[in-house]
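FYI, side chains are in, hydrogens and waters are out, and symmetry mates aren't considered; it's all heavy atoms of this structure.
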Amino acid sequence: MVNGDGAHEHTGEAELKQHGNGEADAEEESNEQEVIVIQDTGFTVKIQAPGTEPFDLQVSPQEMVQEIHQVLMDREDTCHRTCFSLQLDGNVLDNFAELKSIEGLQEGSLLKVVEEPYTVREARIHVRHIRDLLKSLDPSDAYNGVDCNSLSFLSIFTDGDLGDSGKRKKKGNDLEQIDCTPPEHILPGSKERPLVPLQPQNKDWKPMQCLKVLTMSGWNPPPGNRKMHGDLMYLYIVTVEERHVSVTASTRGFYLNQSTTYSFNPKPANPSFLSHSLVELLSQISPAFKKNFTALQKKRVQRHPFERIATPFQVYSWTAPQVDHAMDCVRAEDAYTSRLGYEEHIPGQTRDWNEELQTTRELPRKNLPERLLRERAIFKVHSDFAAAATRGAMAVIDGNVMAINPGEETRMQMFIWNNIFFSLGFDVRDHYRELGGDAAAHAAPTNDLNGVRAYGAVDVEGLYTLGTVVVDYRGYRVTAQSIIPGILEREQEQSVIYGSIDFGKTVVSHSKYLELLEKTSRPLKVQRHNVLNEKNETVELCSSVECKGIIGNDGRHYILDLLRTFPPDLNFLPVDGEELPPESQRQGFPRQHRHRLACLRQELIEAFVEHRYLLFMKMAALQLMQQKANKDSNKTETPAITATSETSTEKNSSEPATNGPLDSAGKELEESIPGLAQAKELAETLVAEDGSDPKSREVVLNACKAVGSISNTSFDIRFNPDIFSPGVRFPDNSVDEVQKQKQLLKDAAAFLVSCQIPSLIKDCLDHSALPMDGATLTEALHQRGINVRYLGTILEFVEKTPAKAQLEHIYRIGVSELITRCAKHIFKTYLQGVELSALSAAVSHFLNCFLSSFPDAVAHLPPDELVSRRKSRKRRNRVPGGGDNTAWASLTPSELWKNIASEAQSYYHYNIQCESVDQVVEKYSFQKTTLLREISIKTGIQILIKEYNFDSRHKPAFTEEDILNIFPVVKHVNPKASDAFHFFQSGQAKVQQGFLKEGCELINEALNLFNNVYGAMHVEICACLRLLARLNYIMGDHPEALSNQQKAALMSERVLGIEHPNTIQEYMHLALYCFANGQLSTALKLLYRARYLMLLVCGEDHPEMALLDSNIGLVLHGVMEYDLSLRFLENALNINTKYHGPRSLKVALSHHLVARVYESKAEFRSALQHEKEGYTIYKNQMGEAHEKTKESSDYLKYLTQQAVALQRTMNEIYKNGSNASIMPLKFTAPSMASVLEQLNIINGIIFIPLSQKDLENLKAEVHRRQQLQELGKSEEPTEESQLQLEDKIPID
């Protein structure tokens, strides 16, 4: 850290680390060659700052001078300077120049830090920076969810940075010093779920006080005559020693003046202590400041950089302790000067968001360095825009922004703030009357956002979308959009030159738009089609009718209202006279939905098209076999098929291709017809032919017809998004086409129900999908293209599954998600009627009705003197969040639960027969803390962290003091780092083929590129680091594995949340690498923390808990805590038996682990019993000859010998009393190596001297697990894993 190497990361500008490994594989694409371009070697410069020794700093030629400034403002010995220039040989360097463009700057140059005179702006920046340094260890910004701060607790469990501790701490032989007993609530079987340990006390956070008060003085701004003396502003400071001083910030620096609270005397005091930096001044007048500030900065730079770098998007914590509210001038000023001109210190008052968003899109992207610059700019602007839009939306709902149409009623108002346009999610002017009114108006913004995301990902040059952020706050939905230049000056009718503003009654088209949208038509699977306008003329479109094209005053082609980018979901759109396929009807579809905007997800469209493509190949192959086609068909390829097969594989990064079982007909065909595979190959060559052979043309034509392709000569499926839109009419000549499109939509809806839902359940059964909470369950649904409105259907499906017992965890998470979502819907309308002064009372009352066993929860209305009735009636609701009724106070628990049950019935078509929270908890074995976490995260509530008594029947669980805050829930676009992602994928592929070293290099490269685009903190970087750590570990580099995994765990806490399921996984990985590095007590602490978090998030009854408990049991066995170890291992055995079936190999391994502990305790009978169970499973599953069966049988023999020896000894003692000659028995503590070996096995990591072929399969296996983020499938038999691998790897 000392050489400022970690500090670059602090500014989020982590440059590419210079690897200089230019040996790119010849077969990799050309972009590998380009990487070398951006890796110009770095060089070292000397920096000389006033009052410090010169020091060396490593820089790279691409850096700007500004980045050196950032490093100096972060370094311990120069952090108090902000207003300085860097000079080389007396010449001032330009802040925005790249280092390589500066003449004479080379290896070893000396840069001087020269203090510059202050301006008001510089003085403010200085005060803000000093305040940030004083607050750098204070977590209150993270609790309050500001400035992209978020919590991290990892360092408490690792005692600081793991890298150093390995050298400091004694190695694992000092076992007796380790206290292994976990707190009571972590032990298996414990029923209490305390909340307080979620945020352990960090001793570093007891801030060392440097000052009591630092605030702007009431004498600001300086009067004219003082301005002419160079006074910029006045500060009022109280030191820890209770000395009150008044400080002048002048152009020359800071000095004491003679003013007091009530008399103004700006003359310098004697002595005035004039100093260029405020820190130097304070260090002279306050010894406590000097001592504590130095200590604070030491601590600050010792923290891992990842604990303090800002995250790209704000993460909110749903719990917080009671934090003291201290005086803070900068915070106070920020709140009232809406901080616009201050943001990022940009010249000009406000940012032109639209211009920034569109200009970054226009940056060149021909080669890798250009693309990196472009993606970095796009990402940065997006994250700034999301932050600004969130602040604006909250300001709008809190009533702090004037509407642009103040005369209208509140629901209809629109707002502009900071160049962003805000509208509320209500159906104004009956726009959505036909589509479901307010419900449609609430759904439209998220649909629109999905459209923006999809068009943004296709990234067509010349086609522009609006920056869009959807914010849910205090029961209102606000859409924030960037503003098209000139749109506010004209009427909408005259500006729309493409699409329709009245849902298809009048429609216009435009050739330029058709040309641009045509480029998106294949990747988004949108079909060009004709519709009729009001004059019955044919108009051609290449999008849905609502999609409007507007050319802004800047000449750019914008598209907006993309809410129907994807085709409608017919399962939730009953249409008169249309029958759905039987698969859908059997499940009770079509069902009535709240609105008519329900559409299919992009992931579903992708999966459906891919499924159809396989079907298409099979059809062609079957016909070929029937024709006994001429084998020597010429193999000239036309691009027709290759192009489309690419589109079906171009998956979005976040959606691994998970198509479940192809429809069963296809499977049976495959099994029943010999030689189908060869026929398929034929079909591929045939489809790729130029169609000269009439027979092959016919084959393709029939196959195209059968799968609903829009072309007769190649496979090409696209959807017409206007089918079933009310008000859209099609010309007569396209009747057949429309009929085909209708059929395609019905098939897609049936595909979701008959393929994707069963495939999800199958993945849950074989544990390749392991959701732990509502968010991860939703993610699993979305990856397979299933909307959350199908939750009820999924739960019914689980209920009917024969293996229901093995899906209990999915069922429980699903029902809890359904209930909390229903509660969220009710909470939304509940909050809209609450005035600001009653907010905490209303929220606590709602939570009491939802979770507390107290039957008659009574709401506390604010005291009367605060509510002047007469006044409030006169001013009916002038601001959106200003309801002043008290209807909310009459809600009762039984009424709320009735509403939840009816909401579940009407929205999810699912039946919950429960009238109170206690019945629900009883029936579905929920935990109330889990429900509290889910509802808080979904609605943005932040509660006080303390133990709540939910079950008391005498008093409610929550009071208004327990509700600390209400945060916005924000949805926005996540721009992707495409090149980095390709490197990551090719790295994964290399690992899969067994080339670990090459894979590792590619993934390191991906990491560099990710850092280059996203800065240092991002979810994808987290995944990258985790995979790197795993590779380091497999290749035997344990310290490096530890360092990378520590970063991954820290980053997961910061970016996803301290108790996110992903964070729990990272903790488990980290514990394994700690153990391998001999840090046993740390490994245990991490595992206990992971277990606590998992208990809080999903309870004990979850298949992943078995893996966690096996890990804990093994480590405890290693430190000879046998009884404790047995508690965990036996619990793991029970859970494995429940979720994997008593005959599974997982269970056999569990038996073996338990047997080993009994052996160590010399209880041979129990050991034998367990090992026999394991042996039986191995014998039945794998046969006598398999090595696992043999190992088990050898161990049984060994145990039997030991048991016999022990028995003999005992008999000897009985017979001859104390003078018996006793054979020494071998009671051995297990060696660390043997424990580590078992740990590796259960975590799915195997090191074996392998042949190349085995190695390939193994790497693939590791990679597959990596992808599923899922541990512990290693003991599957090799034959079986071979099968599982077939579909993933091209085995040559």
Side-chain angles (χ1 to χ4, degrees), residues 521-522 524-527 529 544 564-591 593 596 598-620 622 644-645 647-648 657-669 700-712 714-725 730 734-760 784-787 789-790 793 797:
S521 133
R522 172 160 263 158
L524 295 180
K525 319 275 185 286
V526 177
Q527 188 190 3
H529 57 278
S544 65
R564 279 191 202 263
T565 303
F566 297 110
D569 178 355
L570 296 192
N571 287 330
F572 283 93
L573 190 69
V575 180
D576 296 339
E578 296 286 348
E579 284 277 300
L580 282 184
E583 301 95 317
S584 287
Q585 290 191 13
R586 278 199 296 274
Q587 301 280 344
F589 292 111
R591 293 183 171 162
H593 198 51
R596 302 179 61 88
C599 53
L600 299 170
R601 295 184 62 87
Q602 186 172 14
E603 297 93 329
L604 185 90
I605 301 297
E606 301 273 350
F608 176 69
V609 170
E610 195 160 314
H611 170 254
R612 278 290 159 106
Y613 179 63
L614 289 168
L615 214 60
F616 169 78
M617 294 318 274
K618 278 184 190 158
M619 294 280 191
L622 281 172
T644 47
S645 60
T647 56
S648 62
T658 41
N659 306 344
L662 294 169
D663 60 15
S664 46
K667 258 215 168 93
E668 285 156 28
L669 284 177
V700 176
L701 177 67
N702 293 337
C704 283
K705 278 201 176 133
V707 296
S709 165
I710 58 170
S711 143
N712 286 334
S714 70
F715 173 84
D716 190 357
I717 288 189
R718 305 187 196 189
F719 293 87
N720 173 346
D722 284 331
I723 304 275
F724 299 124
S725 292
F730 297 103
S734 56
V735 173
D736 292 352
E737 195 178 291
V738 170
Q739 213 36 57
K740 260 167 83 181
Q741 279 291 338
K742 287 186 176 174
Q743 192 49 48
L744 203 55
L745 283 178
K746 292 176 188 173
D747 293 348
F751 170 74
L752 195 157
V753 179
S754 65
C755 273
Q756 296 303 84
I757 291 182
S759 114
L760 169 76
R784 291 160 183 77
I786 306 169
N787 312 71
R789 58 174 170 270
Y790 284 95
T793 315
F797 194 93

Does the S734 side chain pair with the main chain of E737, one donor and one acceptor, at a distance under 3.5 Å? no
How far does NE2 of H529 sit from OG of S521, to the nearest 0.5 angstrom? 11.0 Å
Roughly how far, to the nearest 0.5 Å, is NZ of K740 from CD1 of I710? 8.5 Å
Got K525 and E606 here, is their nearest side-chain heavy-atom distance under 4.5 Å? yes
Just wondering, do L600 and L752 contact through their side chains at under 4.5 Å, heavy atoms? yes
To the closest 0.5 Å, what do you measure between CZ (F751) and OG (S759)? 8.0 Å
Do N720 and F730 have side chains that approach each other closer than 4.5 Å (heavy atoms only, starting at C-beta)? yes
Donor-acceptor check, side chain of H611 to backbone of V609, threshold 3.5 angstrom: yes or no? no
C704 and F715: which non-hydrogen atoms are nearest, and at how many Å? SG-N, 4.4 Å
Looking only at heavy atoms, which two atoms of P568 and L573 are closest? And how far apart? CB-CD2, 4.0 Å
Tightest non-hydrogen contact, residues M619 and A703, listed as CB-CB, 4.0 Å
I'd like to know whether Y790 forms a ring-ring contact (aromatic ring centres under 6.0 Å, His included) with F589, so could you lay out the CA-CA distance, the side-chain angles of the two residues, the decisive distance to 0.1 Å, and finally the verdict. CA-CA 11 Å; Y790 284 95; F589 292 111; 5.6 Å; yes
Is the backbone of S754 close enough, under 3.5 Å, to the side chain of E583 for a donor and an acceptor to pair up by distance? no
Under 3.5 Å, is there a donor-acceptor pair linking the side chains of D716 and S709? no
Between Q756 (side chain only) and R784 (backbone N and O only), is there a donor and an acceptor less than 3.5 Å apart? yes
Mind checking the CG-NZ spacing from L614 to K618? Nearest 0.5 Å is all I need. 6.5 Å
Using every non-hydrogen atom in the two residues, find where T565 and L524 come nearest and quote the distance to one decimal. CG2-CD1, 4.4 Å
pair V700-S714: side-chain heavy atoms closer than 4.5 Å: no
Residues passing the side-chain contact (heavy atoms from CB on, under 4.5 Å) test with R564, sequence neighbours excluded, are L435, S544, E546, L597, S725, P726
Heavy atoms only: give me the nearest S584-V753 pair and the separation to one decimal. OG-CG2, 4.3 Å
Is there side-chain contact between P574 and R591, with at least one heavy-atom pair below 4.5 Å? no
Do N571 and P590 come within less than 4.5 Å of each other through their side chains, counting heavy atoms only? no
For R789, is there any backbone N or O sitting under 3.5 Å from a side-chain donor or acceptor partner on N787? no
Can you confirm whether V738 sits close enough to K742 that some side-chain heavy atom of one is under 4.5 Å from a side-chain heavy atom of the other? yes
Interatomic spacing from SG in C599 to CG in L604 - rounded to 0.5 Å: 11.0 Å
Selection residues 744-759 - residue pairs positive for salt bridge (Lys or Arg N to Asp or Glu O under 4.0 Å), sequence neighbours left out: E578-K746, R612-D747
How long is the gap from CD1 on I786 to SG on C755, to the nearest 0.5 Å? 10.5 Å
Of all heavy-atom pairs linking F719 and Q741, the shortest is CA-OE1, 3.4 Å
Could you walk me through whether F566 and V526 pass the side-chain contact (heavy atoms from CB on, under 4.5 Å) test, one step at a time? CA-CA 8 Å; F566 297 110; V526 177; over 6 Å; no
